[in-house]
Amino acid sequence: MNGASQPVHVEQFDADFDDPFAAEPTRPSHWLLTTCIAGIAGTLVIGAAILGFVGSSGYSNDAMASISTRDTLRSNTASGGFLESVALRPFGESSFEDEEETPEVSGEFVIPQRGVTGEAVYPGISAGDLPYGGGGRTVVLDAELAVASVNAENITTISKTPPPEPTDETITLAAGSTLIDEIVSRGVTREAAQALVASIEPVFPTKQFKDGTEFELTLEQQQDFYGRYVIFPVRLAFRPGPTENILVEADEDGHFVARIDGEKEGTASRYANYDHFRTKARVGSSLYATAKDYKVPDYITAELTRVFAYDVDFQRQVKASDSFEVFYGNPLTGSSKKRKVLHYAQLTLGGKTKTYYRFTDADGQTDYYDEQGRSATKSLLKTPVSGFKLTSGFGMRRHPLLGYNKMHTGIDFGAPYGTPIRAAGTGKIEVAGRFGSYGIAVKLQHSGKYETLYAHMSRLADGIRPGGNVRQGQVIGYVGSTGRSTGPHLHYEVRIKDRPVNPTRVKASGGRQLAGKDMKSFQSLKTRIIAMMKVAPTGTRVAQVQQ
C-alpha cells in the first residue's frame, strides 16, 4: 500500500485496554492523534520509496532513475560549500496503483557539507590526518575536475600531458672535477653517468680529459620502472682536437655508444695517447704481412711467433682462413714505460684456438701460460727465427750448388739479412764459429738427448763461445749467407743421438704448470687483461696512433 495515496485507519481501543493514551483527560483530541500517526507513517513510507529510487546500489525493472550532470558546475562562494546542479529525469517507468500517468520530477540536487560530531576512529590513521575543518566539520578539499570526452562508440579518450622538452647543458671541466661528477650534479643518477663515460674509453681515454674541456650534454625526462619521471642523458658531444668531434648517444634500450662523427664505429681518436692496443685479423697472405698492414710493431709480431714456436709450424700449418689476435702495451708490472710488451696472444688454426697470457711468477721469471696455467715453453722451439719463410724441407733434394741429389739434413728458413736467431732450447755451446760448409754456425747440446745446429750466420751474438751456456730463446746469432749458401737464410738441424731428424716432427716435452699462489695470481692477471681488452682500441687507425 502506498501511504501517499490511501488513508490510514486507526482503531480506537476500549478504555480498559492498556493504552498509554487512555489517561489523557480530553477525549475530543483523538483526531489530532490520528493525524500525527498518519503523518509519521506517511513520512516513513515516502522516505523508504525515495531511498529505494536514489540510494539503492542497483537498479530494478520496476523503478529506475538517472542523475545526469548539467553543463555547468558552480561553487557557492558565499557559504564555502560545493554545489552541483543536476536534473532528475526518468530512466525507466514506475507503476502506481492510483496513478495512470508516470510522474516526471525535475529540480536541483544540492550536495551539502556533512557535519562530523565527536572524534571518528580509523585504523592506522591519526585524527590530525583527517580532512576536518574547524569545529570538527568535514571540509571539501580544493581539486580540479577534468572531463573526458566520449565519442559515439562510447570510447573514452583521456588526454595525457607530454613530458618536458629535452634541455641542453654546457659542461666546462674544472680542476679537480670529473665528468661523472658534473653529470650527476645535473640530476642524473650515478649509474647512468658512469655508463655514459665508460662508453667513451674505446674511442678516447677519459683520463686524458683536460681542465677546461667543454662538453655539450642533452638531458631528457624519461619514465622509470615505477612510472616516475627521471632525468636521463641522451647525448654528449665534445672535441678532443680541432678536426674531430666525438658523439655519445643512447639507443632505445638506454645503452650508450660513442663514435667519431663521420668515422666508422670503433675508430679511435687520432688525438688519443693509448697505453695498450688490440688487433684481431685473418692471416691472409701471411701472418707477418697482415700484422704489418695493421701497424703491429715488428717486435710484437716476433714475440707472437716465438710464443707459438713450440706448437706451430708457421710455414705448413697456418692458412689464409686462420686468424690471430694480440693485445700489447706498457708492462703491467714494473716502472718502465719505454717499451711495449705482448700481454695476450691467440691463434685459431683449422678451427682450434690456443691462447697464452704473459705472466711473471713470484721468482721474477716471465713466461706465457695458457688458460690452465701451463707454460708455452717446451724443451725445443719449432721455429728459432721470426719473420721467416720455409724455403727447403727435410730429406733428399737436388743441391742448388752441387747439382746432384743429396740428403738435406735440416730445414731452411728464408729471412732478411740480420734477423735474430734464438736458441731452440736451454743447453751448452759445443760449436761457435766457422764450421766447414755450414759457414758461421752454432751447435748446442740439450739435456744429453737433443742437439741443434744453426748455420750460415752473418755473425755470432755477443758472449756466444764454445763451452758457454745459453737459455731457451736467447739470441745466439744473426741470419746471413756464409758457407755453402745461395742467399741469406738459416739452416736448422735437430739431432737425436747424433742422428738428424725432421725438426717439424719433433714432439718436445711440456713446460711448467703453475700452482698455489702463482696460479691464484695468474688467474687475477688474466681477468685484468680480459677487462682491459674490452676497452682497448682496435683496428688500423688505432695502430697509427702510436707511430
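One distance of note links CD1 of Ile476 with NZ of Lys443; it measures 13.5 Å at 0.5 Å rounding. One finds the OG atom of Ser323 at 8.0 Å from the CG atom of Leu347 (value rounded to the nearest 0.5 Å). For the atom pair CD1 of Ile180 and CG of Leu196, the computed distance is 9.0 Å after rounding to the nearest 0.5 Å.
Taking the six-membered ring where the residue is Trp, Phe232 and Phe256 present parallel rings, their angle staying beneath 30° rather than reaching 60°. The aromatic rings of Phe413 and Tyr492 are tilted relative to each other, their planes meeting at an angle between 30° and 60°.
A salt bridge does not link Glu451 with Lys497: every distance from a Lys NZ or Arg NE/NH1/NH2 to an Asp or Glu carboxylate oxygen is 4.0 Å or more. Under 4.0 Å is where a charged nitrogen must lie from a carboxylate oxygen, and between Arg512 and Asp518 at least one such pair does. A salt bridge links Asp181 with Arg190: at least one charged nitrogen is closer than 4.0 Å to a carboxylate oxygen. By the 4.0 Å N-to-carboxylate-O rule, Glu263 lies too far from Arg259 to be salt-bridged with it. We find that Lys428 and Glu430 are not joined by a salt bridge, their nearest charged nitrogen and carboxylate oxygen being 4.0 Å or further apart. Salt-bridge check for Asp298 with Lys292: passed, with a basic side-chain N closer than 4.0 Å to an acidic carboxylate O.
Distance alone, capped at 3.5 Å, places no donor-acceptor pair between the Thr290 side chain and the Leu287 backbone. In this structure, the side chain of Thr218 does not engage the main chain of Asp168 through any donor-acceptor pair within 3.5 Å. The backbone N or O of Ala289 lies less than 3.5 Å from a partner atom in the side chain of Ser286, making a donor-acceptor pair. At distances below 3.5 Å, not a single donor-acceptor pair connects side-chain atoms of Thr482 with backbone N or O atoms of Gly439. Checked by atom type and distance alone, the side chain of Asp322 pairs as donor or acceptor with a backbone atom of Gly350 at under 3.5 Å. In this structure a side-chain-to-backbone donor-acceptor pair under 3.5 Å is present from Ser185 to Glu182. Looking only at distances, no side-chain donor or acceptor of Arg471 sits under 3.5 Å from a matching main-chain atom of Thr426. With Arg239 contributing its side chain and Pro242 its backbone, the two residues share a donor-acceptor pair below 3.5 Å. Judged by distance alone, the side chain of Asp251 and the main-chain N or O of Asp253 form a donor-acceptor pair under 3.5 Å. Put simply, the side chain of Arg528 never gets that close to the backbone of Ser524: no donor and acceptor are under 3.5 Å apart.
Under 3.5 Å, the side chains of Ser269 and Glu244 contain a donor-acceptor pair of N or O atoms. At a cut-off of 3.5 Å, with distance as the only test, a side-chain donor of Thr243 or Tyr271 sits close to an acceptor on the other residue. Under the 3.5 Å distance criterion, with hydrogens and angles disregarded, a donor-acceptor pair is assigned to the side chains of Gln523 and Lys526. With no hydrogens or angles considered, a side-chain donor-acceptor pair links Thr452 and His446 at under 3.5 Å. A side-chain donor from one of Glu216 and Thr170 sits under 3.5 Å from a side-chain acceptor of the other.
Here the closest heavy-atom approach between residue Ile183 and residue Ala193 is recorded as CG2-CB, 3.8 Å. Nearest approach of Gln472 to Thr377, heavy atoms of both residues: OE1-CG2, 2.5 Å. Residues Ala432 and Pro466 come closest through the heavy atom pair CB-CD, 3.8 Å. When all heavy atoms of Gly425 and Leu444 are compared, the pair lying nearest together is O-CD1, 4.4 Å. Contact detail for Ala345 and Leu304: the closest heavy-atom pair is CB-CD1, 3.6 Å. Between Asn245 and Ala237, the shortest heavy-atom distance links the atoms OD1-CB, 4.3 Å.
Relative to the six-membered ring of Phe327, Arg278 misses at least one condition, a distance below 6.0 Å or an angle of at most 45° to the axis.
For Tyr344 and Tyr328, the ring centers are positioned 6.0 Å apart or more. With ring centers used as reference points, His343 lies 6.0 Å or more from Tyr357. Aromatic ring centres of Tyr454 and His491: separated by at least 6.0 Å. For Tyr368 and Phe308, the gap between ring centers reaches or exceeds 6.0 Å.
Considering only heavy atoms from C-beta on, Leu173 comes within 4.5 Å of Phe215 through its side chain. Taking 4.5 Å as the limit, every side-chain heavy atom of Tyr417 sits out of range of all side-chain heavy atoms of Tyr478. Looking at Ile200 and Leu236, their side chains come closer than 4.5 Å, going by heavy atoms from C-beta outward. Between Thr355 and Asp370, the closest side-chain pair of non-hydrogen atoms is not below 4.5 Å. Looking at Thr206 and Leu179, their side chains never come closer than 4.5 Å, going by heavy atoms from C-beta outward. Between Val203 and Ile260, some side-chain heavy-atom pair lies under the 4.5 Å cut-off. Glu249 is not listed as a side-chain neighbour of Val257, based on a closest heavy-atom distance of 4.5 Å or more.
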Q. Should Arg495 and Val501 be marked as a side-chain contact (heavy atoms from CB on, under 4.5 Å) after you check the CA-CA gap, both sets of side-chain angles, and the distance that decides it?
A. CA-CA 6 Å; Arg495 297 174 179 265; Val501 296; over 6 Å; no
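Shown here is Arg282, whose CZ atom has no more than 12 heavy atoms of other residues, nucleotides or ligands within 6.0 Å.
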